[in-house]
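Report on one structure; see the data block that follows.
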Amino acid sequence: MPEKLLNQIPQDLRRLYTKAGEAAQRENPDYAITLFCQILEKEPGFFDCRRALRLEQAKKAAGQTTGFFKKAFSGMGSSPQIAKAKMSLSRNPAEAMAIAEQVLNTDPSNAMAHRVIVDAAQALEFPKTAVMSLEVMVRNSPKDKALVVEFADLAAQTGGEASASAERALDELARVSGFDQDLLQAQKNLSARKTMDEGGYSGLADGSGSFRDILKNKEESVSLEQANRVQKSEDVGAKLIKEYEARLASEPDNMKMIRSLADLYVEKKRFDDALGMYDRIKNSSHGSADSALDRAIADTKLKKMDAELAQLNPFATDNADQIAKLKGEKAEFKLAECKQRAEKYPTDLGIKFDLGQLYFEAGKYAEAMAEFQKAQQNPNRRIASMSYLAQCFAKRNMNDSAVRTFQNAIKEKAAFDDEKKDLIYNLGCVFEKMGKKAEAIEQFLQIYETDIGYRDVAAKVDAHYASPGEGGDTPPA
């Protein structure tokens, strides 16, 4: 999906964007940040909104104490959120970005959160969003060659102000590093991009031109495309693994390198090798109380289970039993691991929400209710927590409580989006369950009148008016 401009987002979100801008002008970054995040959860490709959010995050951080210990504890506290964001990357990159933004709201320079933003943005084809985070990462780590080259390559694709920033970063690194073929190639790519910009790149913005049309030399365009394809196809990960493995014998206590090697093993689906490296860190003096390391180990075990599921023989006579067994083991592991995190970080409401979801999926509704009642204090998860809480009440036949909770959530939900439709639909289903047909159809009609294709509301409304005594043009009171 492409990144969007202001005139491409819904009207209600435009109004919210204006409101957020006004909060920013009144020097109220907390409120502005909250509103910008709400918008981006619905429209993750709204680039101007994310850029405005970055400014407010920086403004808020500038007014806070940033001593060493504060930064250290901030990093420790964000580890569960980073781990959760990484887990969401392949399944739901937009959700991963939203989680990473929660970390950046309190720590706008957090490299791990920006890495999640970059990976998620590239999965969603949001190049400008990725470049913006890469620029922050390079600013904080200007001597990281791989990072600088990555920034430059993506900047060469997007153009604009990022190209100049990338060019400066490359020049500075080349000055201190001397001749380097990778840096030289990145500089050539940026130079080619500059030629494209000067030759009429603005025509791309309104769709009137193409890269090939605006390049003065079409052969140069073909050459650049081929170079980019070669660079993308090169297996950088495999090269790094070989390099780190070779260094391991001479640098057995280099925990940062060992951690990087473990992460690369995970990317290559070498899960047992990765777990071996993680255990090596955990058994050292550096990893005895590292929550991020514990989460990485848990994530790797889950990915290993997913890989085992994918490798099952679909034609085996006991295939269904094998699938059920592995899925059961995975569900038990996820629940036990999340409970452990909740005990370690009792004030993290995001973990409370995750634990509530797992209890709900396991049919443990009383336990889920306790977690959602706490999680609703998190403004980013309040409506979702209330929805789950109401569903728990309904599952336990506490229908009056379910109705009140759904109604309260609906009152708090301003935008008539899919989340609000879901609340209204579930409220209608509870009324149906209670035998209150008039109240139920009133809910379904709210959705029917704006989105006839939502779930089975059309069938419910048609069935209602087809019933004896329910037809006619007058809707129920």
Side-chain angles (χ1 to χ4, degrees), residues 1-64 66 74 78 81 85 93-110 113-114 116-118 120-121 124-137 139 155 158-165 202 204-206 350 378-384 411-420:
M1 63 179 84
E3 285 162 306
K4 294 184 178 182
L5 301 173
L6 178 61
N7 62 4
Q8 295 174 308
I9 67 170
Q11 188 66 40
D12 59 328
L13 294 183
R14 289 188 222 175
R15 289 194 292 268
L16 201 60
Y17 180 64
T18 300
K19 190 175 181 180
E22 292 170 351
Q25 290 177 352
R26 292 195 303 268
E27 300 298 324
N28 189 353
D30 287 320
Y31 188 46
I33 285 171
T34 297
L35 295 181
F36 284 137
C37 285
Q38 288 178 9
I39 297 167
L40 289 169
E41 284 189 7
K42 303 301 178 186
E43 291 289 348
F46 185 13
F47 177 72
D48 286 342
C49 182
R50 198 171 298 277
R51 181 166 54 186
L53 173 61
R54 286 287 175 276
L55 291 173
E56 294 309 301
Q57 290 167 338
K59 186 187 300 182
K60 179 181 177 181
Q64 296 176 340
T66 55
S74 174
S78 66
Q81 290 173 291
E95 179 183 3
M97 292 180 79
I99 298 169
E101 289 294 2
Q102 293 177 26
V103 176
L104 296 177
N105 287 342
T106 55
D107 184 8
S109 296
N110 190 293
H114 278 295
V116 170
I117 295 286
V118 171
L124 294 168
E125 298 183 1
F126 295 162
K128 292 194 293 183
T129 300
V131 164
M132 184 165 58
S133 277
L134 282 170
E135 185 169 8
V136 175
M137 295 170 71
R139 192 181 306 131
T158 58
E161 297 177 0
S163 295
S165 178
S202 57
L204 292 175
D206 58 10
N378 181 343
N380 293 321
R381 288 287 182 267
R382 179 168 175 77
I383 301 298
K411 287 178 185 176
E412 292 191 24
K413 184 68 181 178
F416 196 81
D417 54 14
D418 283 344
E419 186 175 41
K420 187 162 187 175

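Every heavy atom of this structure was used, including side-chain atoms; hydrogens, water molecules and symmetry mates were not. Sequence positions, counted from 1, serve as the residue numbers for this chain.
Pairs passing the salt bridge (Lys or Arg N to Asp or Glu O under 4.0 Å) check and including a residue from residues 5-14, sequence neighbours excluded, do not occur.
Residues satisfying the salt bridge (Lys or Arg N to Asp or Glu O under 4.0 Å) test with Glu41, not counting sequence neighbours, are none. Applying the salt bridge (Lys or Arg N to Asp or Glu O under 4.0 Å) criterion to Arg382, with sequence neighbours excluded, gives Glu412. For Arg51, the salt bridge (Lys or Arg N to Asp or Glu O under 4.0 Å) test picks out Asp48, with sequence neighbours left out. Judged as a side-chain contact (heavy atoms from CB on, under 4.5 Å), and not counting sequence neighbours, the contacts of Ala20 are Leu35, Phe36. With sequence neighbours left out, the salt bridge (Lys or Arg N to Asp or Glu O under 4.0 Å) criterion links Lys413 to Asp417, Glu419.
Across Cys49 and Leu40, no two heavy atoms sit closer than the pair SG-CG, 3.8 Å. The shortest heavy-atom contact between Ala85 and Ala96 is O-CB, 3.3 Å. Summarising the geometry of Lys60 relative to Pro29, their closest heavy-atom pair is CB-CB, 4.2 Å, with the distance given to 0.1 Å. Across all their heavy atoms, Pro44 and Arg50 have their closest contact at O-NH2, 3.0 Å. Heavy-atom minimum distance, Ala120 versus Met97: CB-CG, 3.2 Å. Considering all non-hydrogen atoms of both residues, Val136 and Ser109 come closest at CG1-CA, 4.5 Å.
The line from CG of Leu16 to CD1 of Ile39 is 4.0 Å long, rounded to the nearest 0.5 Å. Here Glu56 contributes atom CD and Thr34 contributes atom OG1; the two are 11.0 Å apart, rounded to the nearest 0.5 Å. Within the model, atoms CG of Asp30 and NZ of Lys59 stand 11.0 Å from one another, a figure rounded to the nearest 0.5 Å. The structure places SG of Cys37 at 5.0 Å from CG of Leu53, a figure rounded to the nearest 0.5 Å. To the nearest 0.5 Å, the span separating OG1 on Thr106 from CG on Leu104 amounts to 8.0 Å.
Taking the side chain as every heavy atom from C-beta outward, Phe47 and Met132 approach each other to under 4.5 Å. Annotation: side chain of Ile99 is not in contact with side chain of Val116 (no heavy-atom distance under 4.5 Å). Taking the side chain as every heavy atom from C-beta outward, Arg15 and Gln11 approach each other to under 4.5 Å. Contact of the Val118 side chain with the Val131 side chain is not registered, since no non-hydrogen atoms from C-beta on lie closer than 4.5 Å. A heavy-atom distance below 4.5 Å is found between the side chains of Ile9 and Leu6.
In this structure, Ser133 contributes its side chain and Ala130 its backbone to no donor-acceptor pair below 3.5 Å. At least one donor-acceptor pair under 3.5 Å links the side chain of Glu3 to the backbone N or O of Thr129. For His114 (side chain) and Glu135 (main-chain N/O), no donor-acceptor pair under 3.5 Å exists by modelled atom type.
Between Glu101 and Arg54, at least one side-chain nitrogen of the basic residue sits less than 4.0 Å from a carboxylate oxygen of the acidic one, meeting the salt-bridge criterion. Salt-bridge annotation for Glu22 and Lys19: absent, with no side-chain N of the basic residue lying under 4.0 Å from a carboxylate O of the acidic one.
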